[in-house]
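Worksheet for the structure shown next.
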Amino acid sequence: MKRVKFATIGTSSITDKFLKAAQNCPDFEYAAAYSRTLKTAKQFAASHGAKRYYDSIETLVKDEYIDAVYVASPNALHFEQTMILLNAGKHVLCEKALASNASEAKIMVETARKNHLILMEAMRSLYDPGMQWIKNNLEKLGTVRRATFSFCQYSSRYDNFKKGLPCNIFSREMSAGALMDIGIYCVEPLIDLFGTPEYIHAQAVKLDNGIDGCGTILAAYPEMIAELIYSKITAGAAKSEIQGENGIMTIDAIACPQNVNIRYNDGRTEAYLGEPVESNMIYETEAIIKAIRGELDIEKMQDVSLNSMAVLDEARKQIGLKFPADL
């Protein structure tokens, strides 16, 4: 069976990490790079063994050699670029957040389905074997009453931001900020595991330019409550956990669940220890290739993306964070 030939949009560190992980997938072939400048595209392609490179998306989509495109541009560009790709017959693996808002995401998913193409959000944790173990063992906890997902990581770019230097990840114009970049790692597992909450309450610390630096979301369900804690301006060491009436499940890292433990009320314990991998982005790569080949139904995960975008929209509304794309 032939390998799936990928191009990339974006030449930042996240694309480097994706390619290093994806190269370990035997069904993946890196074929081409896109950048706004041809020199950068050529250099990036060469550094990862690709022979094709472009400074025009229109040229990229005309290349029949390319099957799929990994989109790792700033969030504000996801909608426009992905729509061009989908309307030209290319499958798309789009970095999180899928779009600037739920309205854009809905159009993207509808276009992919109409054109019989695969559009998948690169939410790596949802395809991790550790997350699958959590799903398979969740019922052992009995009735779940509380979930706490925490992801707080001091951004290497925050120091530059405080110096007044341009920084996409702390830019309202780029549809960025802590919620969209790191809080989403808490939101999407919540939606995947428990569905959409009945209502949420969001609070955030906003920086001088109006973008959010950290925040908390309280989510209410008929039988349980959840709290999502995220930050790009402080570091955190707290594990995530799910509390049920029969016991508690602790998760070492919600974005990369490698060590998951259950402690039952009677003192028994059970554990999952994942195999070490350089990056769990390998699992999202394997998933989209299976979907392209018709071996994986992606619609449920697309619904997770859509429902998560709706929660992100509501959280931003409550904290008073509006993007240009919302207007």
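Only heavy atoms go into these numbers, but all of them, side chains included; no hydrogens, no water, no symmetry mates. Please read all numbers here as calculations on a predicted model, not as lab measurements. Each residue takes its place number in the sequence, starting with 1.
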### Message
Between Ile211 and Leu321, does the side-chain contact (heavy atoms from CB on, under 4.5 Å) criterion hold? Intermediate values first, please.
### Response
CA-CA 7 Å; Ile211 205 72; Leu321 176 57; 4.1 Å; yes
#### Entry: Intermediate values then yes/no, side-chain contact (heavy atoms from CB on, under 4.5 Å), Thr8 and Phe44
CA-CA 10 Å; Thr8 57; Phe44 190 85; 4.0 Å; yes
### Task
Dump the intermediate steps for side-chain contact (heavy atoms from CB on, under 4.5 Å) on Ile262 and Thr250, then the final yes or no.
CA-CA 7 Å; Ile262 299 177; Thr250 58; over 6 Å; no
### Message
Between Leu273 and Gln258, is the side-chain contact (heavy atoms from CB on, under 4.5 Å) condition met? List the steps.
### Response
CA-CA 6 Å; Leu273 185 61; Gln258 287 283 294; 5.8 Å; no
### Message
Quick one, Lys140 with Glu270, criterion salt bridge (Lys or Arg N to Asp or Glu O under 4.0 Å). Give me CA distance, side-chain angles, the key distance, then yes/no.
### Response
CA-CA 10 Å; Lys140 295 179 180 179; Glu270 193 172 350; 2.7 Å; yes
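Side-chain contact, Ser231 with Thr234: a donor N or O sits under 3.5 Å from an acceptor N or O. Judged purely by distance below 3.5 Å, without hydrogens or angles, the side chains of Asn101 and Asp313 never pair a donor atom with an acceptor atom.
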Listing, residues 186-198 side-chain donor-acceptor contacts under 3.5 Å, not counting sequence neighbours, or none:
residue : atom : partner : partner atom : Å
Asp192  : OD1  : Lys135  : NZ           : 3.4
Asp192  : OD1  : Lys300  : NZ           : 3.2
Asp192  : OD2  : Lys135  : NZ           : 2.8

Hey, can you pull the donor-acceptor pairs under 3.5 Å for the side chains in residues 148-156, sequence neighbours left out?
residue : atom : partner : partner atom : Å
Thr148  : OG1  : Glu227  : OE2          : 2.9
Tyr154  : OH   : Asp159  : OD1          : 2.7
Tyr154  : OH   : Lys162  : NZ           : 3.4
Ser155  : OG   : Arg157  : N            : 3.1

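Judged as a side chain to side chain contact (heavy atoms under 4.5 Å, CB included), and not counting sequence neighbours, the contacts of Ser171 are Glu173, Met174. Annotation: salt bridge (Lys or Arg N to Asp or Glu O under 4.0 Å) contacts of Glu241 (sequence neighbours excluded): none. With sequence neighbours excluded, the residues satisfying ring-ring contact (aromatic ring centres under 6.0 Å, His included) with Phe18 are Phe28, Tyr70. With sequence neighbours left out, the side-chain hydrogen bond (donor to acceptor under 3.5 Å, both in side chains) criterion links Arg145 to Glu245. A search for salt bridge (Lys or Arg N to Asp or Glu O under 4.0 Å) contacts involving Asp326 returns Arg316, not counting sequence neighbours. Qualifying side-chain hydrogen bond (donor to acceptor under 3.5 Å, both in side chains) partners for Gln132, counting only residues two or more places apart in sequence or in other chains: Asn136. The salt bridge (Lys or Arg N to Asp or Glu O under 4.0 Å) search around Asp16 returns none, not counting sequence neighbours. Qualifying side chain to side chain contact (heavy atoms under 4.5 Å, CB included) partners for Ala204, counting only residues two or more places apart in sequence or in other chains: Asp212, Ile319. Residues satisfying the side-chain hydrogen bond (donor to acceptor under 3.5 Å, both in side chains) criterion with Ser103, sequence neighbours excluded, are absent altogether.
With salt bridges taken as basic N to acidic carboxylate O contacts below 4.0 Å, one links Arg52 and Asp63. Using a 4.0 Å cut-off between charged nitrogen and carboxylate oxygen, Asp181 and Lys232 count as a salt-bridge pair.
Atoms CD and NZ, from Gln302 and Lys106 in turn, are 14.0 Å apart once rounded to the nearest 0.5 Å. One distance of note links CZ of Arg146 with OH of Tyr221; it measures 14.0 Å at 0.5 Å rounding. Note that the CD atom of Glu95 and the CE atom of Met123 stand 8.0 Å from one another [nearest 0.5 Å]. Note: Tyr272 OH to Ile134 CD1 = 9.0 Å, rounded to the nearest 0.5 Å. Here Leu179 contributes atom CG and Ile217 contributes atom CD1; the two are 5.0 Å apart, rounded to the nearest 0.5 Å. Between the CD1 atom of Ile292 and the CD1 atom of Ile288 there is a distance of 4.5 Å, given to the nearest 0.5 Å.
Crowding of Lys42 atom NZ: a count of heavy atoms from other residues, nucleotides or ligands under 6.0 Å not exceeding 12. Within 6.0 Å of atom CG in Asp266, more than 12 heavy atoms from other residues, nucleotides or ligands are found, so the atom counts as buried in its surroundings. The environment of Lys206 atom NZ is dense: over 12 non-hydrogen atoms of other residues, nucleotides or ligands sit within 6.0 angstrom. Heavy-atom neighbours of Glu110 CD from other residues, nucleotides or ligands within 6.0 Å: above the threshold of 12. Atom CD of Gln43 sits in a crowded spot, with more than 12 heavy atoms from other residues, nucleotides or ligands closer than 6.0 Å. Atom CZ of Arg113 has more than 12 heavy atoms from other residues, nucleotides or ligands within 6.0 Å.
A donor-acceptor pair is defined here as one N or O able to donate and one able to accept, closer than 3.5 Å; such a pair exists between the side chain of Gln318 and the backbone of Ala202. For the pair Asp252 (side chain) and Asn259 (backbone), a donor-acceptor distance under 3.5 Å is present. Checking side-chain atoms of His91 against main-chain N and O of Val69 turns up no donor-acceptor pair under 3.5 Å. The backbone N or O of Lys5 sits less than 3.5 Å from a side-chain atom of Asp67, completing a donor-acceptor pair. Between the side chain of Arg172 and the backbone N or O of Lys322 there is at least one donor-acceptor pair closer than 3.5 Å. Without hydrogens or angle criteria, Asn75 side chain to Ser175 main chain gives a donor-acceptor distance under 3.5 Å.
Counting only residues at least two apart or in different chains, side chain to side chain donor-acceptor pair (under 3.5 Å) contacts with residues 283-299 comprise Asp27-Arg293.
Ring centroid separation for the pair Phe170 and Tyr158 comes in under the 6.0 Å cut-off.
The shortest heavy-atom contact between Thr37 and Asp55 is C-CB, 3.9 Å. The heavy-atom pair separating Ala72 from Ile14 by the smallest distance is CB-CG2, 3.9 Å. For the residue pair His78 and Ala97, the shortest heavy atom distance occurs at ND1-O, 2.7 Å. Across all their heavy atoms, Tyr34 and Ser56 have their closest contact at CE1-N, 3.5 Å. Nearest heavy-atom pair, Ile251 versus Pro257, reported as atom, atom and distance to 0.1 Å: CG2-CB, 3.9 Å.
No side-chain heavy atom of Tyr65 sits under 4.5 Å from any side-chain heavy atom of Lys51.
Leu218 and Tyr185 are members of different hydrophobic clusters when ILVMFWY side chains are connected at heavy-atom separations under 4.5 Å. Cluster annotation: Ile9 is connected to Ile84 through the hydrophobic network of ILVMFWY side chains, with a link wherever side-chain heavy atoms come within less than 4.5 Å. Residues Leu19 and Ile66 are members of separate hydrophobic clusters, defined by side-chain heavy-atom contacts under 4.5 angstrom among Ile, Leu, Val, Met, Phe, Trp and Tyr. Both Phe79 and Val61 belong to a single network of hydrophobic side chains, linked directly or stepwise wherever heavy atoms of I, L, V, M, F, W or Y lie under 4.5 Å apart. Cluster annotation: Ile118 is connected to Tyr30 through the hydrophobic network of ILVMFWY side chains, with a link wherever side-chain heavy atoms come within less than 4.5 Å.
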